[in-house]
Amino acid sequence: MTDSQAVLSVLEDYGPLSDYGILHAAKAKGYKMTPSSARTRRSELVTAKKVRAARSYELSSTGRRAQQWEVAR
């Protein structure tokens, strides 16, 4: 499975997640991915209109708002 497929699979299974959440959910499912590759693949999926920004945010570990992403339907 490619990293793009892994990101899409994680978002389908878990719903809206931030880039950080995508990375950790993918690792929990056994996918090997770096933070950079998770962000890049998610960005490519946004460009391909398979993923879109959700109307929700989560707080990062530093207390900043992090955009959540969801599968575009």
Asker: Give me the atom names and distance for the closest heavy-atom approach of Arg42 to Ile22.
Answerer: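 Heavy atoms of Arg42 and Ile22 come nearest at CG-CD1, 3.9 Å.
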
Asker: Are Tyr20 and Val51 connected, step by step, through hydrophobic side chains (Ile, Leu, Val, Met, Phe, Trp, Tyr) whose heavy atoms are closer than 4.5 Å?
Answerer: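 The answer is no; the residues belong to distinct hydrophobic clusters.
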
Asker: Determine whether the side chains of Ser60 and Thr62 contain a donor N or O and an acceptor N or O closer than 3.5 Å.
Answerer: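 Note: Ser60 and Thr62 side chains meet the donor-acceptor criterion.
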
Asker: Check whether Tyr14 and Leu11 end up in the same hydrophobic cluster, where Ile, Leu, Val, Met, Phe, Trp and Tyr are linked by side-chain heavy atoms less than 4.5 Å apart.
Answerer: yes

Asker: Quick one: pull up CZ in Arg65 and CD in Gln67 and give me the separation to the nearest 0.5 Å.
Answerer: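 Going from the CZ atom of Arg65 to the CD atom of Gln67 covers 8.0 Å.
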
Asker: Shortest non-hydrogen contact from Glu70 to Ala53?
Answerer: OE2-O, 4.1 Å

Asker: Can you tell me how far the CD atom of Glu12 sits from the CZ atom of Arg73, to the nearest 0.5 Å?
Answerer: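 Output value for this atom pair is 6.0 Å.
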
Asker: Rounded to the nearest 0.5 Å, what's the gap from CG on Leu8 to CG on Asp13? Could you check?
Answerer: 9.5 Å

Asker: Do Val7 and Met33 pass the side-chain contact (heavy atoms from CB on, under 4.5 Å) test, and can you show the C-alpha distance, the side-chain angles, and the key distance before you say yes or no?
Answerer: CA-CA 10 Å; Val7 168; Met33 196 177 297; 4.1 Å; yes

Asker: I need the minimum non-hydrogen distance between Glu58 and Ser18, along with the two atoms involved.
Answerer: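 Residues Glu58 and Ser18, closest heavy atoms: OE2-OG, 3.0 Å.
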
Asker: With side-chain contact (heavy atoms from CB on, under 4.5 Å) as the test, would you mind laying out the steps for Ser9 and Tyr31 before giving the verdict?
Answerer: CA-CA 11 Å; Ser9 172; Tyr31 303 121; 3.8 Å; yes

Asker: Membership question, hydrophobic clusters at under 4.5 Å side-chain separation (ILVMFWY): are Leu59 and Leu17 in the same one?
Answerer: no

Asker: Once rounded to the nearest 0.5 Å, what's the spacing between atom CZ of Arg41 and atom OG1 of Thr34?
Answerer: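 If I round to the nearest 0.5 Å, the distance is 8.0 Å.
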
Asker: Passes side-chain contact (heavy atoms from CB on, under 4.5 Å), Tyr57 versus Gln68? Steps please.
Answerer: CA-CA 5 Å; Tyr57 298 86; Gln68 290 187 317; 5.5 Å; no

Asker: Verify side chain to side chain donor-acceptor pair (under 3.5 Å) between Ser4 and Thr2, making sure each step is shown before the conclusion.
Answerer: CA-CA 5 Å; Ser4 292; Thr2 67; 4.8 Å; no

Asker: Is it the case that atom CZ in Arg52 sees more than 12 heavy atoms from other parts of the structure closer than 6.0 Å?
Answerer: yes

Asker: Using every non-hydrogen atom in the two residues, find where Ala25 and Val10 come nearest and quote the distance to one decimal.
Answerer: CB-CG1, 3.4 Å

Asker: Could you check whether any side-chain heavy atom of Asp19 comes within less than 4.5 Å of a side-chain heavy atom of Trp69, counting everything from C-beta outward?
Answerer: yes

